[in-house]
Amino acid sequence: MPRFKSVKGMQDILPEKEALWSHVTGAAVSIARRFGFAKIDTPVLEATALFARGVGEDTDIVSKEMYSFMDRGRDGEQGESLTLRPEFTAGVMRAYIENGLSSRPQPQKLYSLGPIFRRERPQKLRYRQFNQFNAEIIGSPDPVADLEILLVAYTLHRELGFKNLNFQINSTGDPECKPRYIEALKAYLAPYAGKLAPTDRDRLQRNPLRVLDSKERETLPYLADAPRILDYLNDECRAHFNELLGYLDALGVPYTLNHKLVRGLDYYTKTVFELWGEGLGAQAALCGGGRYDGLIELLGGPPTPGVGFAAGIERIVHVIEEQGVGAPALPQPRLFVAYQGDAAKQAAVALASNLRLRGIGARIAFDGRSLKAQFRDADRYGCAYVAVIGPDELAAGSVTLRDLAHSAQQTLSREAFGVWAIQTLSSQDAATAA
RNA sequence: GUGCCCUUAGCUCAAUUGGCAGAGCGCUUGACUGUGGCUCAAGAGGUUACGGGUUCGAGACCCGUAGGGCACCCCA
């Protein structure tokens, strides 16, 4: 029997990571709530067509990175094609439309947390299954909505101790000015088409904007003097962008205008951004997002503006781990219940169970190990106290309580032990949890 | 999808020009038969990623596959 291994690009997150992970996700949730976001959980599986339509057929994500399969229909007929979500936004928009969230107070501010799947070649901090924190503001064209999305991202990373944060920001215009710019870009690049890198020649036809952030050596020289989209924005888009930048200036949020930033998803309009940080190797982006005013209508909903972003949890965890940021310890039982003998084992199991029913954490040994081994476990698990029930205690109806830190012990009646446990352990559990 | 590098115990790594597969940590047990940390001792744990080939002999050399790392592409 061959040993099973995790699927390529997918990894186990082991218990020792729990404290750090809940530190990060806890911060994300707390900031989302501070900004007035509510949680929405959508399925991991969606119709392939949703992503093809929403994200765009010609994007890298849809054209080569999706985990898709044909579902079974009735009577063995072939059903529809389903896909493991490669991003959050399309699914959240589907849910917004399907559940009539457009008839609730607008805008709807929604956050999500969960796994995302992209079938890329794995690399450091690039996995085929990874976790994202996602936030969307749906139903407002106000630049303040853009600002709040940027600020959620910024606040999250600031609070987790990131240094040298910087937004890369650009505007990709709207359905009126974006095509004008694309035409201008195509016209500018057309004479050089033969000299561009093959992939870029292809992009020029299918998705001209993507030529902009090309890193192909042959292409780069021709990009330097390419027209800039900011020069082609119509009045509305320019005003929107300038208002957003004005807020960022006023708040002292660092950003760099990056006119080559277009991002790989078709649905973006107006604002696009990425937040860059240190310690990520070739993966500069901690998180990214932008505005998608046409998406909901494209997916069959009422014309509705929206803006959002997604952050990669693994990338955040990696960086703060490297910076040696310690996460607060998670609460754990302070008491270890040890026993000797079968009869005492029953009493010990009952004792531990009763404590837990009263909300007090307790750990108990399995497998009838020696007292010595039980004490070693108690120490290893960081328990402060050991309650021992052996033949003597069983006969006397008592419990021997040892304080490991002070190497002191005393024998108490069951009643006295119960009082001690409620007084000492319930308060300490609460203290650890807080 | 492309290029380069890597893969030996649960983990981190040794093993002379091809010549008996090892250490530390961790784990289990024990060191006055009711008591932890520290120390000491013993034990368990391996198809050397997988499949072929060369050789008297392969962890080592050759080919293939898988997985990992780094970079490209793109992004979280």
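Below, read A as the first sequence line, B as the second, and so on, with proteins coming before strands; counting in each chain starts at 1.
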> After noting the C-alpha distance and the side-chain angles of A:R291 and A:D293, does the key distance pass the salt bridge (Lys or Arg N to Asp or Glu O under 4.0 Å) rule?
Replying inline: CA-CA 6 Å; A:R291 183 164 274 282; A:D293 288 347; 2.8 Å; yes
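Nearest nucleotide to the side chain of A:E65, out of B:C74, B:G34, B:G36: B:C74.
In this model, the phosphate group of B:U28 is approached by a side-chain N or O of A:R369 to a distance below 4.0 Å at OP1 or OP2. Look at A:K372 and you'll find a side-chain N or O under 4.0 angstrom from OP1 or OP2 of B:G36. Between A:R380 and B:U28, a side-chain N or O to OP1/OP2 separation shorter than 4.0 Å is present. Between A:R376 and B:U29, a side-chain N or O to OP1/OP2 separation shorter than 4.0 Å is present. Side-chain nitrogen and oxygen atoms of A:Q123 include none within less than 4.0 Å of the OP1 or OP2 phosphate oxygen of B:G69. The shortest distance between the side-chain N/O atoms of A:K8 and the OP1/OP2 oxygens of B:G67 is below 4.0 Å.
For A:Y255 and A:F167, the gap between ring centers reaches or exceeds 6.0 Å. Remark: aromatic rings of A:Y292 and A:Y268 are distant, center separation not under 6.0 Å.
Nucleotide B:C50 forms a Watson-Crick or G-U wobble pair with B:G64, both donor-acceptor distances falling under 3.5 Å. Shown here, B:C13 forms a base pair with B:G22; the pair counts as Watson-Crick or G-U wobble because both key distances fall under 3.5 Å. If you check B:U33 for Watson-Crick or wobble pairing at under 3.5 angstrom, you find it has no partner at all. Pairing for B:A44 is absent, with no Watson-Crick or G-U wobble pair whose two atom distances lie under 3.5 Å.
Side-chain atoms of A:R118 stay outside donor-acceptor range of the base of B:C74, with no qualifying N/O pair under 3.5 Å.
Using a 4.0 Å heavy-atom criterion, one finds that A:R121 contacts the bases of the nucleic acid, with or without backbone contacts as well.
Taking the centre and axis of the six-membered ring of A:Y67, the NZ or CZ atom of A:R128 falls outside the cone set by 45° and 6.0 Å.
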